[in-house]
Structures are given as structure tokens and as C-alpha cells.
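Right, one structure below, let's go through it.
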Amino acid sequence: MDRNHLKRQVDFMKRSLLDQGYLDEQFIQLEELQDDDNPNFVEEIVTLFFNDSARLLQNIEQALVSGPIDFAKLDNYMHQFKGSSSSIGAKRVKNECTRFKEYCTAGNAEGCFRTFVQVKQEHAILRTKLESYFQACISFIWQDKLDHLGLQEVKLDDYMDEGGSLIMDLYYKYDEAHMIK
């Protein structure tokens with residue numbers, strides 16, 4: 001895949017995430033903060049969000065199933081989760097958090113349970129979509145570097161280990177080529 005095709009793919013994926021309401025303008029603002037000195041800034045922020053949100057979701061679930069429901073406590077947890085979601089532009093997740101908080105205010109346990117399922121579902125869908133998006137971004141960045149050096153196309157999947165991380169061979173190929181030029 002050439003650099004231009006990868007760029008169009010990345011742009012299309014981002015546009016789709018925005019058009020389908022998974023993300024909002026906050027995500028674009030985060031991307032505008034990213035620069036050559038920190039090319040993984042957005043991915044790092046989103047990773048922190050998913051790590052932190054796993055803890056918050058666990059706290060919410062525990063509060064829902066442990067004895068009498070403390071709606072103030074649930075509302076506080078969901079307020080934190082909504083703020084985190086908003087900070088990365090996770091629009092659908094944020095909207096479900098708002099619905100959950102409305103059920104907390106109304107003291108509606110059934111509504112909280114139903115909406116919590118939706119919150120977790122939107123969170124999982126967003127995670128999968130952003131993982132694919134960031135993978136496409138990495139492919140574009142590496143192809144751009146290789147094109148800049150006059151090297152042939154490299155399929156990034158050929159250089160991924162089982163955990164999805166780039167293995168060192170690609171770094172070595174880049175470094176060796178960079179030293180030659």
C-alpha cells in the first residue's frame with residue numbers, strides 16, 4: 001500500500017468515527033496537539049483513558065451489585081467516567097454516561113442497569129475502532145518514513161509480534177537505511 005493510499009485510509013477512518021458519532025471535535029483538538037516530538041501523543045492519551053476507565057467501570061459495576069444502590073456514589077463514579085470520555089472526544093460513551101446520570105438522579109435502578117450495559121458496549125466498540133485507527137496511523141507513519149528514505153513498501157503486519165507490537169527488525173531496517181542516506 002502506498003503512502004497516499006494509507007493517508008486516505010487514515011482520513012476516511014477518522015471521518016467515519018466522527019460522522020458515526022463515536023468521536024467529536026475534542027478528538028481532533030487532541031490530534032492538533034500532537035507533533036513530531038511526540039508523534040504518539042493521542043494514542044498515549046487514549047491508552048491512559050482506557051486503562052483508567054477499566055477501573056471506573058469496575059467500580060460502577062461493583063456499586064450496582066453490592067447491596068442497596070447508593071445513587072450518589074454511582075453518580076460520582078459516572079461523573080468521573082463522563083469527564084474522562086469527554087476529554088478524548090468519546091461522544092457516544094459520553095452520551096450514555098449522561099443517560100446513566102439521569103437515571104441516578106431519578107433513583108431508577110433498572111435504568112441504571114440497562115444504561116450501564118450500553119455504556120460498556122459503546123466503550124468496547126470505541127476501543128476496537130480506535131485500535132484499528134491507530135494501527136492505520138502507525139502504518140502511514142512508517143510508510144512515510146520509508147518513502148522519505150527511498151525504500152520499498154513494507155507490510156507492517158509482517159513486523160508485528162503476537163501482542164501487536166512492532167518488532168525490532170523494522171526499527172533496525174529504518175535505522176540502517178537512515179544511516180546509509
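Nearest heavy-atom pair across L74 and A63 is CD2-CB, 3.6 Å. Closest heavy-atom contact between L56 and S84: CD1-OG, 4.5 Å. Shown here for C112 and F71, the closest heavy-atom pair between the two residues is SG-CE2, 4.0 Å. Heavy-atom minimum distance, L64 versus I69: O-CG1, 4.0 Å. Nearest heavy atoms, R114 versus Y103: NH2-OH, 3.5 Å. The two atoms that bring Q34 and E43 nearest to each other are OE1-N, 4.5 Å, heavy atoms only.
For the pair F12/R15, no side-chain contact is recorded, criterion being any heavy-atom separation below 4.5 Å from C-beta on. No side-chain heavy atom of C104 sits under 4.5 Å from any side-chain heavy atom of M78. Taking 4.5 Å as the limit, some side-chain heavy atom of N38 sits within range of a side-chain heavy atom of E44. Considering only heavy atoms from C-beta on, F116 comes within 4.5 Å of L57 through its side chain. Residues F81 and V119 form a side-chain contact, since some pair of their non-hydrogen atoms from C-beta on lies under 4.5 Å apart.
Atom CZ of F27 sits about 8.0 Å away from atom CG of L18, to the nearest 0.5 Å. The line from CG of L126 to NZ of K94 is 12.5 Å long, rounded to the nearest 0.5 Å. Separating the CG atom in L33 from the CD1 atom in I28 is a distance of 12.5 Å, to the nearest 0.5 Å. The NZ atom of K91 sits 12.0 Å away from the CD atom of E122 when rounded to the nearest 0.5 Å. Residue L130 holds its CG atom at 12.0 Å from CD1 of I125, rounded to the nearest 0.5 Å. The distance from the CZ atom of F113 to the CG atom of N108 is 10.5 Å, given to the nearest 0.5 Å.
Salt bridge status for R127 with E131: present, with a side-chain N to carboxylate O gap under 4.0 Å. Remark: R8 does not engage D11 in a salt bridge, criterion side-chain N to carboxylate O under 4.0 Å. Salt-bridge formation is detected for the pair R99/E96: a Lys NZ or Arg NE/NH1/NH2 atom is positioned less than 4.0 Å from an Asp or Glu carboxylate oxygen.
At least one donor-acceptor pair closer than 3.5 Å links the side chain of Q26 to the backbone N or O of S87.
Residue-environment remark: CD (Q58) stays at or below the threshold of 12 foreign heavy atoms within 6.0 Å.
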side-chain contact (heavy atoms from CB on, under 4.5 Å) assessment of V42 paired with F134
CA-CA 9 Å; V42 176; F134 289 129; 3.9 Å; yes
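Taken together through direct or relayed side-chain contacts under 4.5 Å among Ile, Leu, Val, Met, Phe, Trp and Tyr, Y77 and L48 form parts of separate hydrophobic clusters.
Ring geometry for H123 against F49 counts as tilted: the plane angle lies between 30° and 60°, on a 0 to 90° scale.
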